[in-house]
There are 2 protein chains.
Amino acid sequence: MLAVQLEPQDIRILTALQANARLTNVELSEQVNLSPSQCYRRLKRLEEQGFIKQYATIVSRRAVGLDVMAFVSVTLDKHGEDPARAFNEAVNRFPEILECWAVSGDSDYLLRVVSTDLRSFSNFLMRDMLSLPMVAGVKSTILLEEEKNTTALPLNHLRD
Amino acid sequence: MLAVQLEPQDIRILTALQANARLTNVELSEQVNLSPSQCYRRLKRLEEQGFIKQYATIVSRRAVGLDVMAFVSVTLDKHGEDPARAFNEAVNRFPEILECWAVSGDSDYLLRVVSTDLRSFSNFLMRDMLSLPMVAGVKSTILLEEEKNTTALPLNHLRD
DNA sequence: TGTGAAAAAAACACGTG
DNA sequence: CACGTGTTTTTTTCACA
């Protein structure tokens, strides 16, 4: 999917909505200095064209007691049939795995995982991950302190 | 911030809104089997109590031409005064750094970074990161394939 | 494009159990 | 006090100029 064809107005709209998906059309139009009708039409177009993946509610991880977040590097056992496929299917069964990426480098996959506490995280690694037949090994990195955390993509590269 | 005091109705509301932040109150009430007024009041309460961090619009990374995403491990040079603080300030100046975490393990920080292409990512590493005086070294892992990617936290652990 | 009308939704007050 | 109902205000959506 190619970028371009985004005008400065569209970029301003996306920027504002990245910060707050529940802006009303009038609030949005004030923030981006466009008429409400123009805002409305542009947003509908952006939605249709697939620029907006989702309107998401971000729940506070701490508030719901998910005190542990970690990245887990996974190395697969290349034997057996289609271990990658089997692993992906397993990954989708675990809601505590928020992300799974095939990666370059030492390991095969990188997972972002949340848990209520270290004990439960350890259980996840030992009982859930290492028991998967195609998993050869895991290595985890626990996130200690959040210095920055946003879902907002930079859009300045789209300005010519 | 402690968890608990969340009733099954609240969990259903949060679950539905995590998938779609723009549900109307009536749509929400239908999905979670509550009256609209009850839904409305519960949601306002959840917002006040800090369970909702943000309503975010998730922009399609590919659509806006950010073809490269990577994790970057950063090791700091512990000399000089307060290198951690200086690093955090630097991190916040770069919009292409979406996340920055202090981590356990070999390195000190882990960044999530987006770029338009490998050349620009390489520039970011060489020119921007390695030129920072407190940065001793970086090691990057490029994300090749997205197998799973959600902002929705699991909430089933809150059910008694 | 903006303007205006119609429909839908949000926000709030009131009464009831 | 929590709940549903009804009212007012705001917002969305669409037709028209």
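Owing to the predicted nature of the structure, the values given are computational and were not obtained by experimental measurement. Chain letters run A, B, ... following the sequence lines, proteins first, then strands; residues in each count from 1.
When ring centroids are compared, Tyr55(A) and Tyr55(B) stay outside the 6.0 Å threshold.
Salt-bridge check for Arg93(B) with Asp128(B): failed, with every basic side-chain N at 4.0 Å or more from each acidic carboxylate O. Between Arg112(A) and Glu99(B), at least one side-chain nitrogen of the basic residue sits less than 4.0 Å from a carboxylate oxygen of the acidic one, meeting the salt-bridge criterion.
Summarising the geometry, the separation between CD on Glu27(A) and P on dT10(D) is reported as 12 Å, rounded to the nearest angstrom. What separates CD of Gln9(B) from C1' of dG4(D) is a distance of 16 Å, to the nearest Å. As rounded to whole Å, 14 Å separates atom C1' of dC3(D) from atom CD of Glu7(B). In this structure, CZ of Arg45(B) is placed 13 Å from P of dC1(D), rounded to the nearest angstrom. Rounded to whole Å, the distance from CG on Asn25(B) to P on dA10(C) is 5 Å. In this structure, Arg41(A) atom CZ and dT1(C) atom P are separated by 8 Å, rounded to whole Å.
Side-chain nitrogen and oxygen atoms of Lys44(A) include none within less than 4.0 Å of the OP1 or OP2 phosphate oxygen of dT12(D). At dA11(C), one or more side-chain N or O atoms of Tyr40(B) fall inside 4.0 Å of OP1 or OP2 (strictly under the cut-off). For Gln38(B) and dA2(D), the shortest distance from a side-chain N or O to OP1 or OP2 is not below 4.0 Å.
Hydrophobic clustering of Ile, Leu, Val, Met, Phe, Trp and Tyr side chains at less than 4.5 Å, counting indirect connections, keeps Val72(A) apart from Leu144(B).
Thr24(B) comes within contact range of the sugar-phosphate backbone alone, with a heavy-atom separation under 4.0 Å but no base atom that close. Counting any heavy atom pair closer than 4.0 Å across all strands shown, Ser37(B) reaches a base atom.
Comparing Arg22(A) and Pro36(A) against DNA chain C, the residue whose closest nucleotide sits nearer the 5' end is Pro36(A).
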